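Here's the structure we're looking at; comments come further down.
Computed from a prediction, not measured in an experiment: that's the story for all the values here. Below, all heavy atoms of this structure are taken into account, side chains as well, without hydrogens, waters or symmetry copies.
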Amino acid sequence: MSNFTSTNGSSTKQASPVDNEIIRLDGVYKIFGAQPRGRAYELAKAGVGKNEVQAQTGHVMGLHDVNFSVPQGEIFVVMGLSGSGKSTAIRTVNKLHPVTAGEVWVDGVNVQDLNGPSLQAFRREKMGMVFQHFALFPHRNVIDNVGYGLKVQKVPRRERDKQSMRALALVGLEAYAQNAVSELSGGMQQRIGLARALASDPDILLMDEAFSALDPLIRRQMQDELMEIQNELRKTILFITHDLNEALRVGNRVCIMKDGAVVQIGTPEEILTQPATGYVAEFVQDVDQGRVIQVREVMVEAKPIPHDSTLDDAISALTGRAGAFCCDNAGKPIGMITTEDGIRAAGVGSTDLAKAMREDFDVTTADATLNELYAPAGRGLPIAVVDDNGVLIGRLEPRDIMEEMGRVENLIDGFEREVFM
Amino acid sequence: MTIRMQEDADTGPSFFDDKVLDQWELPVGPWVDQAVDWIDQNLAPVLDVIRWPFAALFEYFVKGFLLEIPWVVVVVAFFIVGTVVRNLKVGVMVAIGLTCCGLLGSDYWDATMVSIGLILVAVFLCALIGIPIGVLCGRFDGVWQTIRPILDAMQVIHTFVYMLPVIFFFGFGAVPATMVTMIFALPPLIRLTNLGIRQVPEDVVEASRAFGAPEFKVLTDVQLPLARPAMMTGLNQTLLLSISMAGVAAIIGAGGLGQLVFRAVQNLDVGLAGSSGVAFFLVAVILDRISQPEASDGTNLFSRMKTAWSHRKDPEELLDAPGFSSNQSTIKRDRFAPVVGSERLPILISGMAGIAIAVSTFLVWSHDSGLISGYGRRTDADLAGESFNGIVGAGGSFFGIFVGLCGLFLAATMVNNLVNPGAGPAWMRADGALLAAGGALVTSIAFLLARPSTLNLEYSHGIGVFVAVAASVVAVLGAVLWVRVAPMAERVPQVGGISIGRALGGLAATACLVIGLYAGWSFDRRTDTVITPEIQAMLDDVYAKVDAGEMTNGVAGQEIQRINNLAVKAEIVVIDGQSDQGAGLGTVSLVFGLFALALLAPGAGMNRKTLSEAASRFRAAEVASGRETTVLIGVVSALFALLWLYPVDLRGPFVMNFQFGRTVESAIVVAALIGLVAVFATRSTIRQKALWAQIILVGGLAALAAMVVVAHGPIALACIAIALAIPVVAAMAFPELTSRQQWTWSAISAALGFGLMGIGSSWILSLMRVADSKFFSGVGSALVFVSGFLLFSASRKILSDFGRRKIYDDVTTTSSTADETKTIPAETSEFEPIGAGAAN
């Protein structure tokens with residue numbers, strides 16, 4: 001796949017190679033203005049920031065040494081405030097913006113080398129794009145909008161309509177095929193935009209703030225729908241947004257940009273738990289960390305008590321713990337014993353572990369997020385973490401949840417001090 | 001004697017005497033006369049081509065159709081059109097209105113039809129021209145920037161001003177009337193089409209591109225449909241203005257109702273004025289009602305026409321387009337790199353040399369006769385004892401004026417760059433200075449090398465020419481030095497590889513140069529007899545017979561008279577660019593042109609590597625993109641166009657033979673074109689297409705070569721071969737150039753091209769200034785001008801892609817990744833191209 005090697009040695013600081021890579025931006029600079037290769041570029045290369053470059057040269061720096069790499073089938077979210085260069089970055093991938101310097105590789109093709117018919121063929125075959133303000137063609141009806149990419153590919157009418165209907169079915173709008181686009185609501189229009197991008201079955205979807213113009217309820221619904229479609233189709237999606245919650249919700253990995261430069265790339269959890277700079281931390285502080293941090297981050301070793309051990313053994317094994325789980329031979333938890341229960345049972349002379357166990361313990365999975373567990377954690381008892389087969393793989397102490405949240409909070413506070421002092 | 005005359009010349013009017021102005025008189029009036037004559041003589045086919053669509057439409061549509069069909073049919077047709085396009089009410093109204101026009105009398109009916117026809121023809125042609133131009137303006141900022149001042153001029157200049165030249169070239173009648181109407185009514189359509197295209201939301205256009213639509217599809221799928229309302233408003237404006245123009249156009253014989261009104265006014269015939277006025281008004285209402293947009297139904301015709309008039313200059317206001325302002329651009333003042341020590345010297349050298357050049361034109365350029373004017377004006381062949389400076393008619397004339405202007409430009413550039421480098425006009429910079437210096441050098445050398453006319457009794461150069469040449473050499477050296485050290489940087493990334501456009505430009509320039517060598521530079525229809533060798537032989541024969549007593553004197557006299565008449569009939573004396581009879585400027589131009597071509601090739605990115613790459617890419621046909629094929633088609637088409645347009649005798653005046661009677665050539669061309677279409681229409685592979693194109697190319701080349709040999713002899717063919725070979729040889733000899741070097745070579749090539757423009761235009765204008773009537777400059781000089789322009793414009797893009805470096809104060813920045821502190825120098829003394837840095 002990656003038989004091409006970067007020729008720009010200086011710019012590999014963030015382009016960690018990924019398997020099965022399909023998109024790669026390699027040391028990409030984009031400068032807008034009359035003399036993009038002039039002084040502004042030199043300043044940018046020397047590491048001068050966007051505002052300074054603009055003040056000195058009047059040139060706007062769209063992208064500043066951007067490097068990232070997207071594997072096949074991933075939803076890669078580029079996030080940043082307006083002016084951070086995220087929309088510019090996505091437009092370099094299909095060369096709506098040619099870059100000033102650097103290389104953009106898509107599926108083994110250097111996009112900068114494409115021109116005219118080869119570029120058009122590349123855009124037709126490789127990618128579909130969804131726009132913030134839908135950018136539907138107002139003079140065409142719904143099905144003709146959806147079939148536009150196919151029309152450009154010169155697919156015959158009948159075949160085109162068939163494929164368009166299939167794409168419309170994916171977004172649930174078959175019934176509106178013959179309507180004018182202006183008759184539909186915003187959310188429906190954006191579904192048509194999505195269907196239009198999907199109709200020609202491209203490998204890559206470019207979504208430029210696709211849901212930003214929708215109201216929050218519809219947006220959420222669309223995000224769910226996108227993820228459903230993604231589960232089915234497994235496209236590579238380059239998703240642009242300015243909303244961190246959206247980024248963390250839909251993204252497999254998130255790239256945070258500021259002033260045209262990449263600040264951090266990582267999984268949503270990495271972004272939340274290990275923000276690279278104060279800028280990221282500032283973003284992150286508005287997000288409920290519990291919604292992103294997964295149980296597996298916090299859970300500890302289960303140390304179960306075998307169900308055939310005696311009550312005394314169990315009590316001594318419980319030292320220092322609020323409670324422990326008992327497992328059957330298959331490793332499935334069958335009950336939980338707390339120190340309190342054990343001592344009370346021992347006090348009445350019982351030696352049977354099974355009698356002292358309570359069976360109404362809480363169970364969760366490793367990929368659940370912490371916010372689902374606030375209520376069970378409130379009881380102060382450990383929570384069992386099981387795998388898909390119900391086998392106990394760990395335990396979650398309420399105290400650890402609080403500690404983790406506190407740690408992230410402190411980290412962010414620390415950055416904040418750094419930023420504001 | 002000679003000394004006395006010299007004194008006479010010296011004791012002419014003093015510098016402060018008004019009379020001295022006569023000596024430097026710029027004869028603008030005669031120029032215009034000459035220009036009109038020249039256009040009449042040389043461009044008559046072009047005028048005919050312009051005239052043709054108008055004349056044909058009047059002939060076949062107005063006269064042959066509207067006036068022929070019965071009035072009932074017209075009324076019913078208008079009723080149907082009105083009903084279909086608008087509604088039943090409008091249809092009925094239109095029909096009644098038309099019938100009323102007819103009821104005034106059959107004369108009025110005919111006049112009504114002519115008026116309607118005139119207006120429809122004008123609107124149709126406006127749409128045919130205006131919409132494509134508007135679309136181009138909407139899509140390309142450069143076109144809009146070029147067209148906009150023209151539109152402004154069309155709208156500001158009063159109708160009567162442009163009516164005159166139109167009458168001059170096209171006479172009276174409906175054709176010039178329609179042209180005048182179009183000039184008046186066209187701008188709103190172009191402006192509104194442009195606006196309509198630009199108003200299309202950027203993201204919708206982007207969406208179309210993102211789905212892989214080619215640019216033409218983007219236009220037809222998205223931009224045109226969404227611009228339709230604006231375009232319809234524009235058409236309606238054009239119609240309203242055409243209606244209001246129909247009366248004025250009657251002055252130049254447009255015919256129709258306007259003419260009736262005009263006649264009535266002249267004869268003070270109140271009755272006629274009234275009835276034709278009513279008919280005119282009805283026509284206006286009818287056409288407007290049919291065409292107006294639905295929304296403006298409530299308004300009346302007069303207010304709408306008034307609106308159209310008052311918004312002639314800003315029709316954009318008619319649309320609800322808040323915030324649109326075509327000239328809105330945020331201009332940020334940049335500071336340019338200042339002049340540093342190493343740059344100051346070359347600037348001073350070239351500027352001072354420029355002053356010397358300008359001064360030299362006031363020194364004596366010609367003694368004893370006029371060099372150039374000797375060809376054009378008989379009396380200038382013998383001006384013994386007089387001497388002339390570089391800018392008077394008998395002196396250097398436009399050669400001197402051109403050289404002098406170049407010198408002034410150099411001086412201005414020097415001042416501009418020393419005072420405020422980088423600011424000011426776009427060309428006032430290093431490459432502009434090189435252009436001016438090269439232009440001055442080439443033009444002054446051409447003057448120095450020009451042969452005097454055979455009619456000239458004696459001629460010698462004055463000191464001024466030598467000063468001009470010497471100063472130009474110095475200026476060129478200075479400018480080249482300046483180009484080498486000037487802080488110029490590419491403003492947009494230069495794409496590597498061969499620039500096809502520039503290569504084709506060079507090819508066309510080559511063609512023009514070689515044809516210019518063999519084409520006429522002057523052609524002489526002054527009425528005296530021309531004794532060709534054949535005629536001389538006939539005369540000798542007569543004399544011999546008289547001497548031998550075979551012929552009586554009386555018979556001999558008649559015979560000599562007859563032969564003399566023959567001599568007078570062999571009227572045109574053509575002197576081509578390389579003939580001994582002429583100035584020989586064609587040869588001079590060719591030499592300079594070949595230098596320019598040799599430099600253009602490497603400047604256009606041709607070198608051993610890129611050429612062999614292109615060749616191998618072409619050979620591996622499955623890799624060959626459309627680009628190579630397109631180039632091939634372009635070359636082949638151009639070749640056949642040349643073959644077809646190739647005049648039978650280039651040595652005549654500027655003739656383009658649009659004759660269909662030249663059967664052999666036409667047959668070749670038609671067959672080749674059909675073959676091309678067949679090859680490219682079929683679904684053959686690129687390899688097959690390329691093969692066929694090559695076969696046709698070789699065939700066309702062979703045909704052209706054969707024609708050249710037949711017409712001009714093998715030497716001409718050799719010239720062409722050499723001219724074509726030189727760039728390739730130069731390209732193979734040059735190493736791979738950086739874009740900065742490409743820029744340098746392109747600038748030199750453009751400077752030589754500019755010089756060729758100087759030679760061609762100076763020759764034409766100098767002769768125009770002094771020539772007797774019936775003496776014209778020929779097509780050769782025009783071709784050399786064109787080739788110079790092609791060479792110049794082939795390099796123009798890369799020249800304008802480079803700009804003076806911007807300069808900033810020293811900035812100290814702490815980069816976010818490293819903690820070292822970098823100081824970015826305000827300027828660097830070495831200017832290696834940035835592209836090279838990026839490619840590392």
Check each atom of [X] against the heavy atoms of chain A and say whether the ones under 4.5 Å are side chain, backbone, both or neither.
X      : answer
B:E215 : backbone
B:P214 : both
B:D221 : both

Might you point out which heavy atoms bring [X] and [Y] nearest each other, and give the distance in Å?
X      : Y      : value
A:A135 : B:A207 : O-CB, 3.8 Å
A:F131 : B:A210 : CZ-CB, 4.2 Å
B:V204 : A:L136 : CG2-O, 3.9 Å

Engaged part of A:R91 at the chain B interface, taking heavy atoms whose separation is under 4.5 Å:
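The side chain, not the backbone.
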Run the numbers on A:Q153 and B:F211 for side-chain contact (heavy atoms from CB on, under 4.5 Å), then give the verdict.
CA-CA 9 Å; A:Q153 292 182 28; B:F211 285 102; over 6 Å; no
Would you compute the distance between atom CG of B:L226 and atom NE2 of A:H139 and round it to the nearest 0.5 angstrom?
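It comes to 5.5 Å.
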Atom CZ of A:R140 with >12 non-hydrogen neighbours under 6.0 angstrom:
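Count over threshold, so yes.
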Could you list the residues that satisfy ring-ring contact (aromatic ring centres under 6.0 Å, His included) with A:Y148, not counting sequence neighbours?
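A:Y148 satisfies ring-ring contact (aromatic ring centres under 6.0 Å, His included) with A:F137 only.
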A:H97: which residues meet the ring-ring contact (aromatic ring centres under 6.0 Å, His included) condition with it, sequence neighbours left out?
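Scan of A:H97 (ring-ring contact (aromatic ring centres under 6.0 Å, His included), adjacent residues dropped) gives A:F32.
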Does anything in residues 122-129 of chain A get under 4.5 Å of chain B by heavy atoms, and if so which residues?
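A:R123, A:R124, A:M127, A:G128, A:M129, listed by number.
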Can you name the side-chain hydrogen bond (donor to acceptor under 3.5 Å, both in side chains) partners of A:T241, sequence neighbours left out?
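A:T241 satisfies side-chain hydrogen bond (donor to acceptor under 3.5 Å, both in side chains) with A:E246 once adjacent residues are dropped.
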Taking B:K217, B:E206, B:R228, B:R209 one by one, which has the highest count of heavy-atom pairs under 4.5 Å against chain A?
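Most heavy-atom pairs within the cutoff with chain A belong to B:E206.
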